[in-house]
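Note that ligands are numbered from 1 as they come in the structure, with each ligand's atoms numbered from 1 the same way.
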Amino acid sequence: MNSSQDILIIGGGIIGLSLAVELKLRGASVAVLTTNSKQPTARAAAGMLAPQAERIPPSPMLDLCLQSRALYAGWVERLEEITGLKTGYWRSGILAPVCQNEFQEQQSVSNLNSQWLDRDAVRQQQLGLGEEVIGGWWYPDDAQVDNRALFRTLQAATKELQIEIVQDCAEKIIRDENRVLGVETTAGKLQADRYVLATGAWSEQLLNVPVFPRKGQMLSVCVPENCGIIQPLQTVLFGTGIYIVPRQDGRIIIGATSENVDFTSGNTAAGIQSLLAGAMQLYPELQNYPILELWWGFRPATTDELPILGASAWENLTLATGHYRNGILLAPVTAKLLADLIWNQKLDPLLAAFHYSRFPEHWGFKNGD
Ligand code: GLY
């Protein structure tokens, strides 16, 4: 492709595809450049839509996360209509159990829906919790989506909407002082009017942005057939350094480590042991559940743990990266606000908090420039 598309999105993960679909639905001609669609950052996620359980303090980041959570139901409904596929969106609520000797500060955002449950009440909310659980916070408005199903649905939506997907490796962003002129790939040069950088944990390989990988190891188990019910867990359990995310098909996702080990691949004995120990403390019955799969992924972290969204130092390059722990949650609001900006020249004031200029020492291109 020597793209004559209006917009070229570099990166075919959950953020890149969400934005591509949104732009296409608004009438843009859009292409996505992606290397390996089987290994997106989305694999590091369990699909929790959890601004409250993640205890994000009152801030523009909390506002962004709450806006996105509010958009979710309508957003997935539209994707499901386009594709006929299911995303596994489930308003399951999230329970944050507190164990003995654990200090859990009060939920600090009083206008949000949450409730403290004591020892008995927390067990009424979810049967089978471990002996050490002394209570818990209940967040009924937090939810979850099956992130792999969502990714498949987004891929299907790009096909349905005839969005061009270019399977190639971006090697360099070519630019002059003010504008991006093209993207060099292993198969040649791609050009468009506008470009979006959405390469997640790999962004730093193309642009001098402070985005680095934070590895998350995960595993899944399944409810044994002799258990008699498909899914005994009816809510997400969000503990300290551990979460347990039930799917309606009987799988249970357990995550996630948080490791600064660059792009070191693989699961480790210590990582999986810590996840299993934490999970069985919260929900002991898991000790009898067969293990289905182990995997890992790389979150796109930034030094202040906030995404980098909006304008860049180049007038036709938009940034959509650094979503760290909240990429799945933030996909709809990122797509909406950046489509507003790119296609409708409408700048939401909320984007100011996520502007690249907060990192003055990081704003040049890499790779020989
Ligand atoms: N969103 C949870 C995680 O990144 O582990």
Query - Donor-acceptor under 3.5 Å (Gln231 side chain, Arg247 main chain) - result: yes

Query raised in the report: Would Trp137 and Phe238 count as a close aromatic pair, with their ring centres under 6.0 Å?
Result: no

Identify all pairs of nitrogen or oxygen atoms, one from ligand 1 and one from the protein, separated by less than 3.5 Å, and list them with distances.
| unit_1 | atom_1 | unit_2 | atom_2 | d |
| --- | --- | --- | --- | --- |
| ligand 1 | 1 (N) | Arg325 | O | 2.7 |
| ligand 1 | 4 (O) | Arg299 | NE | 2.7 |
| ligand 1 | 5 (O) | Tyr243 | OH | 2.5 |
| ligand 1 | 5 (O) | Arg299 | NE | 3.4 |
| ligand 1 | 5 (O) | Arg299 | NH2 | 2.8 |

**Report entry** Identified side chain to side chain donor-acceptor pair (under 3.5 Å) partner of Arg214 from the options Asn260, Asp262, Thr257
**Finding:** Asn260

Query raised in the report: Got a second to check how far Ile308's CD1 is from Phe359's CZ, nearest 0.5 Å?
Result: 5.0 Å

Query - Donor-acceptor side-chain pairing of Thr302 and Asp304 below 3.5 angstrom - result: yes

Query raised in the report: Side chains of Tyr195 and Arg179: donor-acceptor distance under 3.5 Å anywhere?
Result: no

